[in-house]
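Following: one structure in structure tokens, then a few remarks.
Just so it is clear, the values below take in all heavy atoms, side chains as well, and ignore hydrogens, waters and symmetry mates. We count residues from 1, following the sequence as given.
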Amino acid sequence: MKFRNFILSSIDIRCTGASKSNKPSSPVLIRRQRRVSFDIGGFDNPGLSIMTEDIDSEGDSGYGELFPNLGHMKHKDSIVSCASFEREDFLSLLKKEDTISIISREEQGLRKVRTFSLLDEYEQAGNRFKAYLYNRFGNTGSEQGQLRNGTGIYHIYNGTVIVTDVLNSSLLIYTGSGRLVKSIQVSKRSEPWTAAATPSGAFAVALSRERCISVMSCAGIEKLRFGEDVLEYPSGVIVDRRNRYIVSDIRQNKIHIFSDKGELIRTIPEDDESSFSLKSPRHVTLSHSGNIVVSDSGNHCIRLFDRHGDHIKSFGKYGSNDGELKFPHGICTDHEDNIIVADYYNNRVSMFSSDGKFVQHIVTAHMGMKRPQAVTIRFFQNNYMLFITYGDTKANKIVAYRIVDSENEHITGMKASV
């Protein structure tokens, strides 16, 4: 499908057509006037893109002038307006948010396929990396397959992610488009905090209440369990290429490294006389080069260790300024070893270089981010998607952003470390 251009006016734009109920449609109010170009494609289609451009105009450009042959129908808080896309999809101009949605018309009614942001350029002015909303998904609730508090998220393959719901005691597997593929129930009140893939294709899950790491198949069948005699409340887990399990324990304030058979290899720090101390280390990940990265939440910093567990450096301190953190939670890294941090109480997701220098904020409260808990990234065809779990009090929502590298004038190539 070719690009379609729309001009959205900051003036009161009124639809000229009739809604499905034959009642006049409500006006759609957009803060600024801008041109939106977009191309509809699948999740794995590199041609999929949304671009915005502010324009100057003194005239009142209404829908009647722009879309003379369009039908209009009311859908919740949206005015759904469009010519026919492929699969009879529709363009939805949301009134309450600066976003557009693709709506699919099915026999059961309308179904939202994907949501994009109409992000003003000034909102990310000067940033090398620009985040564009790709999708929101996750059905909030306490029933099977629903989400109450997604404390962990991990990209598996081809845009598929696994989310650990600590309150519903479940593992939820979604496609990149937000379709729920599978819900795996673990023992009630086991509190699965995070999950990560192993080199063999299994899942390592930190069962916090059961004080262990459970390694299970994609079907949810447990193959290995270990750590009960060592762990007190495991929260983060990651598996390296040698199939070692690196686990953070937020009550012991320790990092443990286990062998592929679940045998303890090393504990960090090893004693009370260490040059540093951890305080509620929530999440752990690996850099592309193999270093261990820990979100030291209680100390409001990020700590780096080499692959053996020796401390390299720390960065970050309590605060809200650039480079400062308030209880960092989830972390992930890109192919350049940049570190992406869910800055929980600052309501933002920030990027730091491999040596701890602040790069920029990727997603902020101004963009609707609240209490981010977990992050993961997916690399494909020279671009990457950033997935985030978040919510007002609990992480009961999942959002995906497409990240654009404006410095190199192409979508940057980044991938999640394993």
Side-chain angles (χ1 to χ4, degrees), residues 151-157 160-164 171 173 182 184 186-187 190-270 278 281-295 303-312 330-333 335 337 374 376-379 415-418:
T151 49
I153 188 169
Y154 186 88
H155 175 253
I156 307 171
Y157 63 91
T160 301
V161 295
I162 181 169
V163 178
T164 47
L171 313 178
I173 300 177
K182 182 179 292 187
I184 302 173
V186 294
S187 57
S190 60
E191 296 188 0
W193 198 275
T194 55
T198 71
S200 62
F203 297 130
V205 184
L207 300 179
S208 302
R209 268 287 182 89
E210 298 188 2
R211 302 168 54 180
C212 71
I213 301 299
S214 175
V215 182
M216 60 183 66
S217 68
C218 294
I221 300 173
E222 188 171 85
K223 304 167 65 176
L224 175 66
R225 175 178 286 231
F226 62 89
E228 295 100 322
D229 57 340
V230 176
L231 302 170
E232 187 173 343
Y233 197 89
S235 54
V237 61
I238 197 73
V239 189
D240 66 13
R241 294 183 179 90
R242 290 178 287 176
N243 212 30
R244 299 185 310 165
Y245 301 87
I246 298 98
V247 182
S248 59
D249 192 310
I250 60 176
R251 287 186 182 167
Q252 289 182 342
N253 297 317
K254 301 283 187 181
I255 304 296
H256 300 285
I257 302 177
F258 296 89
S259 71
D260 59 344
K261 296 181 175 59
E263 300 166 342
L264 182 63
I265 298 174
R266 182 174 181 181
T267 296
I268 309 167
E270 293 179 320
L278 300 172
R282 289 182 178 272
H283 287 256
V284 60
T285 191
L286 296 171
S287 70
H288 185 69
S289 58
N291 289 333
I292 300 170
V293 188
V294 178
S295 59
R303 297 193 185 273
L304 306 182
F305 304 86
D306 65 21
R307 65 187 62 202
H308 305 293
D310 294 329
H311 188 240
I312 299 175
I331 45 177
C332 61
T333 62
H335 77 300
D337 280 358
T376 190
I377 54 178
R378 180 245 175 148
F379 165 82
K415 64 181 178 180
S417 56
V418 177

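- Ring geometry for Trp193 versus Tyr233: interplanar angle over 60°, hence perpendicular rather than tilted (30 to 60°).
- Inter-residue side-chain proximity for Arg244 and Ser259 is flagged as unmet; no heavy-atom pair is nearer than 4.5 Å.
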### Task
Apply side-chain contact (heavy atoms from CB on, under 4.5 Å) to the pair Asp229 and Leu264, showing each step before the final yes or no.
CA-CA 10 Å; Asp229 57 340; Leu264 182 63; over 6 Å; no
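- Using a 4.5 Å cut-off on side-chain heavy atoms (C-beta onward), Phe305 and Ile246 make no contact.
- Ser217 has its side chain within reach of Lys223: a pair of non-hydrogen atoms, C-beta onward, lies under 4.5 Å apart.
- Taking the six-membered ring for Trp and the full ring otherwise, Tyr154 and Phe203 have centroids separated by 6.0 Å or more.
- Looking at Arg303 and Ile255, their side chains never come closer than 4.5 Å, going by heavy atoms from C-beta outward.
- Checking each of Asp337, Thr333, Asp306 against Ser289 for a side-chain hydrogen bond (donor to acceptor under 3.5 Å, both in side chains) leaves exactly one that passes, namely Asp337.
- In this structure, the side chains of Thr198 and Tyr245 come closer than 4.5 Å at one or more pairs of heavy atoms.
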### Task
Before giving the answer on side-chain contact (heavy atoms from CB on, under 4.5 Å), spell out for Ile292 and Ile257 the whole-Å C-alpha distance, their side-chain angles and the decisive distance to 0.1 Å.
CA-CA 10 Å; Ile292 300 170; Ile257 302 177; 4.1 Å; yes
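- A donor-acceptor pair under 3.5 Å links the side-chain atoms of Ser208 to the main chain of Pro234, judged by distance alone.
- Judged purely by atom type and a 3.5 angstrom limit, Thr164 uses its side chain to pair as donor or acceptor with the backbone of Gly152.
- The main-chain N or O of Gly220 is never found under 3.5 Å from a side-chain atom of Lys182 such that the two would form a donor-acceptor pair.
- In terms of modelled atom types and a separation under 3.5 Å, the side chain of Arg266 and the main chain of His308 share a donor-acceptor contact.
- Between Thr194 and Ser235 the shortest side-chain heavy-atom distance does not fall below 4.5 Å.
- A donor-acceptor pair under 3.5 Å links the side-chain atoms of Ser248 to the main chain of Arg282, judged by distance alone.
- Around atom CZ of Arg225, more than 12 heavy atoms belonging to other residues, nucleotides or ligands sit under 6.0 Å away.
- Taking 4.5 Å as the limit, every side-chain heavy atom of Leu231 sits out of range of all side-chain heavy atoms of Phe226.
- Thr376 places a side-chain N or O within donor-acceptor distance of the main-chain N or O of His155, the cut-off being under 3.5 Å.
- Val205 is not listed as a side-chain neighbour of Val186, based on a closest heavy-atom distance of 4.5 Å or more.
- In this structure a side-chain-to-backbone donor-acceptor pair under 3.5 Å is present from Lys254 to Pro269.
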